[in-house]
Amino acid sequence: MKKILKLLVFVLVIAFLYFGFTTYPKLDLISGFSAKSIASGHFLDNRPLDLIQKTDNDIKMIDLASNSIDEAGKFATSNVYGLKERKAIYREGLGAILINDDFDVSKPYLLPKRAKSKPLPFPYGNIDPADTLFSNVDYSKLKKAVDDSFDKNGGKTKRTRAVVVLYKDKLIAEKYDTGFTKDSKILGWSMTKSITSSAFGVLAKQGKIDIYKPAPIAEWKNDDRKNITINDLLHMNSGLEWEENYSTICDATKMLFQAEDMGKVQMDKPAQFKPDTHWNYSSGTTNLLSRILKSQFKTQQEYLDFWYSAVIDKIGMSSMIVEQDMSGTFVGSSYGWATPRDWSKFGLLYLHKGNWNGEQILDESWVKYTSTPTNTSEGKYGAQFWLNAGGKFPDVPRDMYYCSGYQGQMVAIIPSLDMVIVRMGLKEEDQGFDFNGFLKGIISSVKK
């Protein structure tokens, strides 16, 4: 009996040590992800706690969290086995923010000034459009391609939430999963990077910034980073150290779920390579860009307003909210929420080379710049946009470029077909969703 007890104690000690070395360091990130996800999903999109836990938070390790929502206080809290409790608060007009114990919730905050969308039919407004039938579209084939991208009978193999297809400025297909509608706000994750790039595009058009000059960062002036330009940052080609691996604790996860000033995390990293010699995808770089953008304005109010007045509200993305970090900087890498229809409007802006219903929001040269492969990316990346120039999707035109986000968010822009395709969901290619087949099916329904 004593031997059995000793063996049991030994096993428990080993289990405790294993937990301490492998899981405990992750608890802060797990509860942080969960609290932020729940606060945003519930207060921005009115999703019930149970739905968020079964869908958005149905991720290995994240599903360990215990969660609660305080309706009156407008916040969510999460912990793992009673440990490492984290809190995310909601502020109307700003979305949710994951906070630490030092954050002063009573401190006054500014709100961006928003413009109302024009009373026009979608996609140039939010009025439901009249049906338009194209003689060269096989609608039965189109419907099958869209339907096949969704799970049937409660399955979880594809996990698509929404599909929107625009062709020649007209809505030709649209579908939503159970619990979602055309009014549902869905997190774009890294599709937000393309919004950040567009803000720089407007500043460049206005002649207020030169992206080819060294980045305006005083801390870099006396070391190897002094030659890094905004252009290098936009291209993810700065040479700065960064690890982005969401399956483990890395620079990206620590930034998103622990940092007060997310842009500073990348700013403080040393140079590993010379600029424009080594492509490395980094959400930290985009948040640094957001921080740089902030420095271009005299006041916080001007910075907040610019994102919306220059791009988001300019094209009628009235549902969009870009959330901030604790320093009041937009999380330009990851935290843009909008309806699938509004995400398609953003694709349409680029499809029309920066022109929105007759107004040139971005220079055509900027659109060409963003969709041109950057050095060392093997044809897969431009300036905060992904590209098909290298043939990643073999059955899709090479001129396609796209916004892409964690768990398979996509706004695909296909100039040669005059088409924008939006897919939002919870699975990406390496998890089993066939993006090539999905895009191919929709494209093949339209005869040239």
Side-chain angles (χ1 to χ4, degrees), residues 36-37 40-42 44-47 51-52 54-59 95 122-123 126 142-143 145-152 155-166 171-195 246 312 315 317-323 331 333-351 385-386 393 396 400-414 419-439 441-442:
K36 170 66 178 59
S37 173
S40 293
H42 180 69
L44 274 174
D45 195 44
N46 300 309
R47 296 176 202 167
L51 177 65
I52 299 170
K54 288 180 179 179
T55 55
D56 303 85
N57 287 15
D58 183 20
I59 302 171
F122 175 78
N126 292 323
L142 175 62
K143 183 178 184 303
V146 172
D147 288 347
D148 285 349
S149 70
F150 287 80
D151 287 313
K152 296 175 177 63
K156 285 190 173 184
T157 59
K158 298 174 181 177
R159 306 198 73 176
T160 298
R161 285 178 156 175
V163 170
V164 173
V165 183
L166 300 182
L171 179 67
I172 63 169
E174 183 177 34
K175 184 171 181 174
Y176 298 93
D177 194 19
T178 303
F180 293 85
T181 71
K182 66 180 178 63
D183 298 316
S184 297
K185 297 183 184 72
I186 301 179
L187 177 59
W189 284 108
S190 287
M191 294 204 300
T192 316
K193 291 178 171 69
S194 304
I195 301 285
Y246 290 97
I312 296 168
I315 63 172
M317 295 181 73
S318 55
S319 70
M320 174 162 269
I321 293 287
V322 183
E323 297 172 311
V331 184
S333 70
S334 312
Y335 287 162
W337 290 74
T339 64
R341 282 190 178 187
D342 276 359
W343 280 113
S344 75
K345 292 177 185 179
F346 184 67
L348 197 64
L349 173 67
Y350 276 81
L351 182 69
F385 281 81
W386 293 88
F393 303 110
V396 180
M400 184 189 89
Y401 60 109
Y402 58 105
C403 317
S404 179
Y406 176 60
Q407 294 187 312
Q409 320 315 317
M410 175 185 274
V411 176
I413 303 149
I414 314 176
M419 183 179 287
V420 172
I421 302 171
V422 175
R423 184 267 181 180
M424 308 198 81
L426 296 171
K427 271 199 174 183
E428 42 200 311
E429 296 132 290
D430 59 359
Q431 298 168 332
F433 187 82
D434 180 10
F435 269 101
N436 182 68
F438 164 68
L439 296 168
I442 292 174

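Taking the side chain as every heavy atom from C-beta outward, Thr157 and Asp151 approach each other to under 4.5 Å. Between Lys185 and Ser319, some side-chain heavy-atom pair lies under the 4.5 Å cut-off. A 4.5 Å side-chain heavy-atom check between Phe180 and Arg47 finds at least one atom pair inside the cut-off. Ile442 is not listed as a side-chain neighbour of Leu439, based on a closest heavy-atom distance of 4.5 Å or more.
With sequence neighbours excluded, the residues forming a salt bridge (Lys or Arg N to Asp or Glu O under 4.0 Å) with Lys345 are Asp342, listed by chain and number. Under the salt bridge (Lys or Arg N to Asp or Glu O under 4.0 Å) criterion, Asp147 pairs with Lys143, Lys175, sequence neighbours left out. With sequence neighbours left out, the salt bridge (Lys or Arg N to Asp or Glu O under 4.0 Å) criterion links Arg423 to no other residue.
Between the Lys193 side chain and the Gly405 main chain, no donor and acceptor come within less than 3.5 Å of each other. In this structure, the side chain of Thr181 engages the main chain of Asp183 through a donor-acceptor pair within 3.5 Å.
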Step by step, work out the side-chain hydrogen bond (donor to acceptor under 3.5 Å, both in side chains) result for Ser37 and Asp56. CA-CA 7 Å; Ser37 173; Asp56 303 85; 4.9 Å; no
side-chain hydrogen bond (donor to acceptor under 3.5 Å, both in side chains) between Ser318 and Asn126, intermediate numbers included: CA-CA 9 Å; Ser318 55; Asn126 292 323; 3.0 Å; yes
Go through Thr55 and Arg161 one step at a time and tell me if the side-chain hydrogen bond (donor to acceptor under 3.5 Å, both in side chains) criterion holds. CA-CA 10 Å; Thr55 55; Arg161 285 178 156 175; 3.1 Å; yes
Mind running side-chain contact (heavy atoms from CB on, under 4.5 Å) on Phe122 and Ser344 for me, showing each step along the way? CA-CA 10 Å; Phe122 175 78; Ser344 75; 3.3 Å; yes
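Under the 30°/60° scheme for interplanar angles, the aromatic rings of Phe346 and Phe385 are found to lie parallel. Aromatic ring orientation, Phe435 versus Phe393: tilted (interplanar angle from 30° to 60°).
In terms of heavy-atom proximity, Ile52 sits nearest to His42 at CD1-N, 3.6 Å.
For the atom pair CD (Glu323) and NZ (Lys36), the distance works out to 3.5 Å, reported to the nearest 0.5 Å.
Residues Asp148 and Lys158 are not paired through a salt bridge, judged by the lack of any N-O separation under 4.0 Å between the basic side chain and the carboxylate.
A centroid separation of 6.0 Å or more is found between the aromatic rings of Tyr176 and Phe150.
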